[in-house]
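Heads up: the structure comes next, in structure tokens.
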There are 2 protein chains.
Amino acid sequence: MPRKTDKRVRLIEAAKVLIHQKGFNQTTLADIAQEADVPLGNVYYYFKTKEAIGEAVIEKRAVEFTEFFSKLDENSDPRARLMSLIQFGTEDLELTARYGCSVGGLCQELGKQGGSLADQAAKLLHDLLMWCETQFRSLGFGDKSADLALNMVSNIQGIFLLTHTFKDPKLAIRQAKVLQEWLEKLTTGVRGTTTSTTKQVAAEVA
Amino acid sequence: MPRKTDKRVRLIEAAKVLIHQKGFNQTTLADIAQEADVPLGNVYYYFKTKEAIGEAVIEKRAVEFTEFFSKLDENSDPRARLMSLIQFGTEDLELTARYGCSVGGLCQELGKQGGSLADQAAKLLHDLLMWCETQFRSLGFGDKSADLALNMVSNIQGIFLLTHTFKDPKLAIRQAKVLQEWLEKLTTGVRGTTTSTTKQVAAEVA
DNA sequence: GTCTATATACAGATAGAC
DNA sequence: GTCTATCTGTATATAGAC
């Protein structure tokens with residue numbers, strides 16, 4: 001592997017971490033260069049602008065999201081997949097308490113500024129939303145699926161914000177329990193395949 | 001009222017709006033001075049530092065929060081108060097879609113930086129959380145009240161973030177309906193006063 | 001109390017030697 | 001491809017006349 005790729009990767013990784021920790025605007029190119037052990041002036045050989053680095057970081061996040069969904073999809077039924085999603089939300093809580101959700105934080109910050117970076121960040125949350133909706137649809141919730149997905153992602157993002165605000169991982173633990181119970185009650189008697197019968201059951205429960 | 005107070009008030013109001021729109025770090029003193037129609041150099045007569053302006057803005061938000069709670073408390077029973085809170089979340093949604101939640105945004109941004117400003121911003125969300133918990137406690141939910149409050153505030157903050165991220169007020173409308181239905185089912189058969197009977201009912205429902 | 005001019009620091013970005 | 005030195009703009013903050 002040529003050093004070119006190596007440095008590029010290092011810069012993206014450094015930027016990814018620092019942007020999560022300090023936010024995009026508060027992260028300087030000097031910060032990134034230092035963290036990646038690359039001289040400041042050399043950064044511009046790999047990225048024309050700071051925005052280009054932001055773009056690369058979000059693309060990296062998108063790849064990680066895809067891998068994450070693949071992992072979740074290994075669960076045999078959609079209900080277990082959604083449960084896994086909630087479970088993963090209780091990992092790395094020290095990081096979440098310190099710096100909040102890496103994706104939610106980007107959407108919040110960049111959303112105010114508009115532009116293509118904001119759109120790219122929003123797509124990450126959109127993908128998560130769509131993934132959840134797919135699971136609910138597979139469980140037979142039909143037209144209710146979008147609302148259920150919205151409720152779930154909303155809940156997750158909200159508890160991340162509170163966990164960060166109060167610097168208290170226990171909040172996320174508590175809410176994860178609540179969310180899992182909600183999902184359990186919601187899917188009681190519902191199978192993972194979409195048939196006319198399960199659709200009726202799901203519609204009734206919802 | 002002396003002009004001194006007038007300019008101070010104008011600066012705080014301008015800062016409040018701009019910080020909501022652009023975030024604290026992205027709002028410059030020049031921005032604030034211009035918006036308040038005060039010469040840049042004069043700003044420092046009223047506030048020693050930019051942080052001092054941030055402090056004043058958060059204090060203003062705290063006052064508005066208190067007034068807001070007073071308004072909500074005008075409802076006769078706690079259930080109606082919580083319903084009102086959800087209802088208020090569906091007002092000014094164009095603003096929320098454009099700039100997100102003014103308080104949530106501050107907590108997110110300042111939380112990463114730490115310091116006293118972050119603590120002050122966090123206190124705003126804490127007050128909201130405590131207010132909600134008080135309502136649930138009045139409804140007889142006892143020890144479940146903290147979790148219910150957490151769930152509610154978490155949900156509200158989450159949907160604000162999504163509304164902002166996707167620039168779509170309809171999302172907040174949809175989720176408000178879901179939240180209200182949740183609250184309705186939760187409090188079915190529960191009265192607004194705390195007696196041993198209602199406590200049992202509430203505990204059972206929760 | 002008010003306001004212009006400016007000091008100081010640091011950000012993103014570039015030039016050009018190697 | 002790499003890296004030092006630096007340009008340019010802009011931010012917070014100050015000095016000091018009025």
Side-chain angles (χ1 to χ4, degrees), chain A residues 1-58 106 109-110 112-118 120-121, chain B residues 1-58 106 109-110 112-118 120-121:
Chain A
M1 188 181 280
R3 284 199 65 76
K4 171 182 176 175
T5 308
D6 192 32
K7 282 197 180 176
R8 211 190 131 86
V9 168
R10 261 157 52 207
L11 283 168
I12 293 174
E13 188 59 26
K16 198 186 74 175
V17 171
L18 287 168
I19 289 171
H20 182 202
Q21 292 179 349
K22 313 178 40 160
F24 178 74
N25 292 305
Q26 292 305 109
T27 300
T28 69
L29 292 170
D31 289 335
I32 296 169
Q34 186 174 28
E35 179 78 12
D37 201 36
V38 171
L40 177 57
N42 201 0
V43 171
Y44 288 91
Y45 176 76
Y46 298 97
F47 301 97
K48 258 197 282 288
T49 62
K50 184 184 179 183
E51 186 170 338
I53 296 186
E55 227 172 298
V57 166
I58 295 176
L106 272 179
E109 182 180 10
L110 301 177
K112 286 179 192 281
Q113 304 176 359
S116 64
L117 263 192
Q120 282 178 260
Chain B
M1 187 180 281
R3 283 197 67 75
K4 172 183 177 179
T5 309
D6 190 33
K7 280 196 179 176
R8 212 189 130 87
V9 168
R10 261 156 54 208
L11 283 167
I12 293 173
E13 187 59 28
K16 198 187 74 177
V17 171
L18 286 168
I19 289 172
H20 182 203
Q21 291 178 350
K22 313 177 40 160
F24 178 75
N25 292 305
Q26 291 306 110
T27 299
T28 69
L29 292 170
D31 290 335
I32 296 169
Q34 186 174 27
E35 179 79 11
D37 200 35
V38 170
L40 175 57
N42 201 0
V43 171
Y44 288 90
Y45 176 76
Y46 298 98
F47 300 97
K48 258 198 280 289
T49 62
K50 184 184 180 184
E51 186 171 338
I53 296 186
E55 227 172 297
V57 166
I58 295 176
L106 272 178
E109 182 180 11
L110 300 177
K112 286 178 192 282
Q113 303 174 202
S116 63
L117 263 192
Q120 283 179 258

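Everything quoted here is computed from the prediction, not taken from an experiment. Every chain is numbered from 1 and lettered A, B, ... according to where its sequence line falls, protein lines coming before strand lines.
- Under the side chain to side chain donor-acceptor pair (under 3.5 Å) criterion, B/Glu55 pairs with no residue, sequence neighbours left out.
- Residue pairs meeting the salt bridge (charged side-chain N to carboxylate O under 4.0 Å, His left out) criterion with at least one member in residues 24-44 of chain A, sequence neighbours excluded, are A/Lys22-A/Asp31.
- Following rounding to the nearest Å, B/Gln34 (CD) and D/dT10 (C1') show an atom-to-atom distance of 14 Å.
- Each of B/Val43, B/Asn42, B/Ile53 was checked for a side chain to side chain contact (heavy atoms under 4.5 Å, CB included) with B/Leu11, and the lone residue meeting it is B/Val43.
- Take A/Glu13 and apply the salt bridge (charged side-chain N to carboxylate O under 4.0 Å, His left out) test, not counting sequence neighbours, and it matches A/Lys16, A/Lys60.
- The CD1 atom of B/Ile12 lies 10.5 Å from the CD1 atom of B/Ile19; values are rounded to the nearest 0.5 Å.
- To the nearest angstrom, C1' of D/dG1 lies 15 Å from CZ of A/Phe47.
- For the OP1/OP2 pair of C/dT2 and a distance below 4.0 Å, the side-chain nitrogens and oxygens of B/Tyr45 include no atom meeting the criterion.
- Listed by chain and number, the residues in a side chain to side chain contact (heavy atoms under 4.5 Å, CB included) with A/Gln113 are A/Asn25, A/Leu110, B/Gln26 (sequence neighbours excluded).
- Atoms OG1 and CG, on B/Thr28 and B/Leu40 in that order, are 8.0 Å from each other to the nearest 0.5 Å.
- Comparing D/dC3, C/dG1, D/dT2 by their nearest atom to the side chain of A/Tyr46 picks out D/dT2.
- B/Asp6 has its CG atom 14 Å from the C1' atom of C/dT2, to the nearest Å.
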How would you summarise protein contacts on nucleotides 11-18 of chain D per nucleotide, using B for base, S for sugar-phosphate only and - for none, with heavy-atom distances below 4.0 Å?
SSBB----
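- In this structure, the side chain of B/Lys7 does not engage the main chain of B/Ala36 through any donor-acceptor pair within 3.5 Å.
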Dot-bracket notation for DNA chain D is requested: 5' to 3', Watson-Crick or G-U wobble pairs only, both distances under 3.5 Å, with ( ), [ ], | and . as defined.
||||||||||||||||||
